[in-house]
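Here the structure is laid out as structure tokens; the discussion comes afterwards.
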2 protein chains.
Amino acid sequence: MTRDREATSRRILEAARDLFAEHGYDQVTMRMIASEAGANVALVNRYFGTKAALFAEALATGSTIEAVIAGDPAGLASRLAHRLAVRLQSGVTEPVTRMVDRAGTSPEIRAILHAHVEATVVKRIAAQLEGPRPEQRALLAATMILGTGSVRRLFGPGVIEEVAVEEVEERLREMFAICLRP
Amino acid sequence: MTRDREATSRRILEAARDLFAEHGYDQVTMRMIASEAGANVALVNRYFGTKAALFAEALATGSTIEAVIAGDPAGLASRLAHRLAVRLQSGVTEPVTRMVDRAGTSPEIRAILHAHVEATVVKRIAAQLEGPRPEQRALLAATMILGTGSVRRLFGPGVIEEVAVEEVEERLREMFAICLRP
DNA sequence: TTGACAAGTAAACAAGCGTCTACTAACTCT
DNA sequence: AGAGTTAGTAGACGCTTGTTTACTTGTCAA
């Protein structure tokens, strides 16, 4: 047994991110995380304090939605639509988004997620928008992003038929255009 | 103490519906339900079997979304947009929708919710649509409905500014029109 | 080589959960 | 009026949870 605090805590964080994304906050236990990381339960608390704090840290790592939002504002609607269409159809999703979809319901966890979505999605989309009340329109886009997550959570991957993917993506693009226009 | 099985079980069911809607499946305990209903915990299990079965029964009662979906297909987008705009802005929401928003994450509960959303939202919207693949388009509408729930859950009521409500509703209407068109 | 510090472990803690059993008390029917 | 049925109750059961404590073991500087 090699003793390496940094490596162990990183394994714990990765295990937490994957498990929270897969099963949601409530369904994941500290023992599951420790087992997945090949570490002792006590270490999880020692290194990260509480379960909620670990969740907050896991949330902050490995997000790629910022990359989709960043870039040419003119293509934002297209990029978001593509991301969502792929997400609805395939089994591959982004850990952070899934974490939001499958969030627990306790006030503490909700507050953590609220802060995260506001900072990484709403504020960043709003920053790209011209015209009045950019945050209200960014919120509509967030509605679609989170709604896709809910649908995929309830209906599972592959809910969009293969032949319809392109058409769905086009409709999503038009819907995003309505959200985002001034 | 008057002894009335029917009245007691009805109070339990109502308490369950309200509490599940307010706090979500995971956060509500059998003891909370019993206390809210002014009944003994054992009666909840006696009358409804298990917590999951009680949830399923509570889900089936008191839904009004069907009424919004039913009616003139031409006005469907408008009605849905109005419902969602009101829901985003005010504190008043529909118990069943909140129950879906705040769903627990266990596979059993997810399956119950999946069946419910598919039967009461997707199938009913799809039944109103002309053209090919009505279910795929109904699913997009469900995305918006569930997404509104997620946003409201995370951001709280009043996330839409008073002055922007009408404009948001108009955007929602256009977005629904894109979902629903043939 | 040794001793101190830190990484890792095992076990227990207290609390909360859903559920069940044994009991009491009210209502109904003859 | 009394027996039988049934609504309602109290309490415990077994289990799981997040967290902590006391301990062991590996590592590295002196």
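Computed from a prediction, not measured in an experiment: that's the story for all the values here. Sequence lines set the chain letters: A, B, ... in the order given, protein chains first and strands last, and positions in each chain run from 1.
Distance check: A:Thr148 OG1 to B:Met144 CE gives 10.5 Å after rounding to the nearest 0.5 Å.
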Distances for protein N or O near nucleotides 1-6 of chain D N or O, under 3.5 Å:
from	atom 1	to	atom 2	distance (Å)
D:dT6	O2	B:Arg3	NH2	2.6

Using atom names, set out every protein N or O paired with an N or O of nucleotides 12-16 of chain C below 3.5 Å, distance rounded to 0.1 Å.
from	atom 1	to	atom 2	distance (Å)
C:dA12	N6	A:Arg31	NH2	3.3

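Checked against side-chain contact (heavy atoms from CB on, under 4.5 Å), A:Ala177 has no partners two or more places apart in sequence or in another chain. Take A:Glu170 and apply the salt bridge (charged side-chain N to carboxylate O under 4.0 Å, His left out) test, not counting sequence neighbours, and it matches A:Arg173. Every residue was checked against the salt bridge (charged side-chain N to carboxylate O under 4.0 Å, His left out) condition with A:Arg133, not counting sequence neighbours, and none meets it. Checked against side-chain hydrogen bond (donor to acceptor under 3.5 Å, both in side chains), B:Glu6 has no partners two or more places apart in sequence or in another chain. Remark: B:Tyr47 engages no residue in a ring pair (Phe, Tyr, Trp, His ring centres under 6.0 Å) (not counting sequence neighbours). By the salt bridge (charged side-chain N to carboxylate O under 4.0 Å, His left out) test, A:Glu135 pairs with A:Lys123, sequence neighbours left out. Here B:Arg171 pairs with A:Arg137, A:Leu140, A:Ile178, A:Arg181, B:Glu167 under the side-chain contact (heavy atoms from CB on, under 4.5 Å) rule; sequence neighbours left out.
At a non-hydrogen distance threshold of 4.0 Å, A:Val41, A:Ala42, A:Asn45 from residues 40-49 of chain A come into contact with DNA chain D.
When the C1' atom of D:dT16 is taken as reference, atom CG of A:Asp26 falls 14 Å away, rounded to whole Å. Atom C1' of nucleotide C:dC17 and atom CD of B:Gln27 are separated by 12 Å, given to the nearest angstrom. If you measure from atom CE of A:Met30 to atom P of C:dT9, you get 16 Å, rounded to the nearest angstrom.
The ring pair (Phe, Tyr, Trp, His ring centres under 6.0 Å) contacts involving residues 144-182 of chain A comprise A:Phe155-B:His114, where partners must be two or more places apart or lie in separate chains.
Comparing D:dT19, D:dG8, C:dT19 by their closest approach to the side chain of B:Lys51 singles out C:dT19.
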Atom pairs and distances, donor-acceptor, side-chain atoms in residues 30-45 of chain A, under 3.5 Å, two or more places apart:
from	atom 1	to	atom 2	distance (Å)
A:Asn40	OD1	A:Ala42	N	2.8

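Phosphate proximity of D:dG8 to B:Thr8: present, with a side-chain N or O under 4.0 Å from OP1 or OP2.
Both the sub-6.0 Å distance and the 45° axial angle are not jointly satisfied by B:Lys51 relative to the ring of B:Phe20.
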